[in-house]
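Counting starts at 1 for both ligands and their atoms, in listed order. Numbering starts at 1 and runs along the sequence shown.
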Amino acid sequence: MAIMEHTVNIPAREAGSYKISIGTGILDSLWAKIEADFAGCNKFVVTDENLVSAGHLGRLLGRCEVPTYIISPAGEPSKSIDTLISIIETMEKAYLGRDTIVVGLGGGTVGDIAGFAASTFKRGVPVVHIPTTTVAQADSAIGGKTGVDSTMSKNAFGAFWHPAAVYIDVAALATLDERQYRAGLVESVKHAVIADSDYFAFIEENIEAILARDNAVLEKIADCNCRIKGGVVETDPNEQNMRRMLNYGHTIGHAVESASGYELLHGEAVAIGIIGAGLIEIEVGLAKDGRLDRIRQILEKLGVPLELPQDLTENKLIDLIKRDKKAVNRWPKFVLTSRIGQVYCPNDQWAVDVERPIVGKVLRKLL
Ligand code: GLY
């Protein structure tokens, strides 16, 4: 079975680097690899009820008996400090110590919780991620962002905790619900827009195969995502500057996601945010090449909604943008592109000032 590998060099990590392995159908033999890669460590699995019912936990563990925490219900409502406490106490009951490695099997929520649990258990143990959704394989499993929500905001508790390894089985996407599958692909489109015009053209040419979940094409997609995101994270692991480019489409996107009461999936809100960023680029004179039309066509083929929910207002969105966690003096900077595959980066700044009236004008166009 062919496995592609990327190495992400994270200088801040004691180990210095971690490997991302990509393949089709690797889940069935993965446990033996994890045992070999992390020999001498106790293992503790964090997953959720969807992964159990889809059969992925069974495929991973086979007959091996491994202490496991199954998050229930699956999804954002369980991404809480209560779940974190429950996981830590389950680990304690299993007599686990600092020689433990946490294995997160699942989507973005599982990965965020598993990583944060690992970062806090007995002052920190390693985590490995086995992402099983389009958003987790493209984005959240790579880069070390972990956390849980407070009752007031997302990821209010969190830490950068870079993984010790990431294992991506694109065949695991076969069981993913269609809406989640399509929404998660928006992060792949984002990577192409900000960093690689050839990758963008590949997505354009292969959109039907992507939607049909063709494993060979999905391996190429995973490979490009890991190369792009791994490269950015290597340069700026803790988001001091360059990593901000990964927030393309996210400033408006986060506001839309929150204003929808999380009715919109993250990727769906980011798709609207990407259109918003493209409209800003036109307003400030950065886009004269029709790139927004190409981006819009891909997003339309993905079938994600590109218009704002009816009950949103410009004022509500502006208020949420002012609360963006990266805002300074109540206004965030925006990531923009100078062409497909290239972020606009004057004076080594990966996010730039955009005046409020321009953002207001763009929001009115989206409403
Ligand atoms: N999802 C953006 C980042 O990992 O920085």
*Asks:* What protein heavy atom is closest to atom 4 (O) of ligand 1, reported as residue, atom name and distance in Å?
*Replies:*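 Answer for atom 4 (O) of ligand 1: K229 NZ, 2.5 Å.
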
*Asks:* Which bit of E187 gets closer than 4.0 Å to ligand 1, counting heavy atoms only: side chain, backbone, both or neither?
*Replies:*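 None of E187 does.
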
*Asks:* Under 3.5 Å between some N or O of ligand 1 and some N or O of K190?
*Replies:*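 No, there is no polar N/O contact under 3.5 Å.
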
*Asks:* Any atoms of ligand 1 less than 4.0 Å from a non-hydrogen atom of D139? List them with their elements.
*Replies:*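 Reading through ligand 1 atom by atom, the close ones are 1 (N), 2 (C), 4 (O).
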
*Asks:* Measure up the F160 and H162 rings against each other and bin them: parallel (under 30°), tilted (30 to 60°), perpendicular (over 60°).
*Replies:*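 Parallel.
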
*Asks:* When you compare ligand 1 with K145, is there at least one nitrogen or oxygen pair between them that comes in under 3.5 angstrom?
*Replies:*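 Yes: some nitrogen or oxygen of K145 is under 3.5 Å from one in ligand 1.
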
*Asks:* Say whether Y199 and N225, considering side chains only, have a donor N or O and an acceptor N or O under 3.5 Å apart.
*Replies:*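 Yes, side-chain donor-acceptor contact under 3.5 Å.
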
*Asks:* State plainly whether the residues D149 and K154 are in salt-bridge range, i.e. N to O under 4.0 Å.
*Replies:*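 Salt bridge flag = no for K154 with D149.
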
*Asks:* Could R244 and E239 be called an ion pair, given the rule that one side-chain N must be under 4.0 Å from one carboxylate O?
*Replies:*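 Judged by the 4.0 Å cut-off on N to carboxylate O distance, R244 and E239 do not form a salt bridge.
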
*Asks:* Taking 4.0 angstrom as the limit, do D37 and K19 come out as a salt bridge?
*Replies:*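 So D37 does not pair with K19 through a salt bridge.
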
*Asks:* Which ligand 1 atoms does L246 reach within 4.0 Å, using its non-hydrogen atoms?
*Replies:*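 Selected atoms, number and element: 2 (C), 3 (C), 5 (O).
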
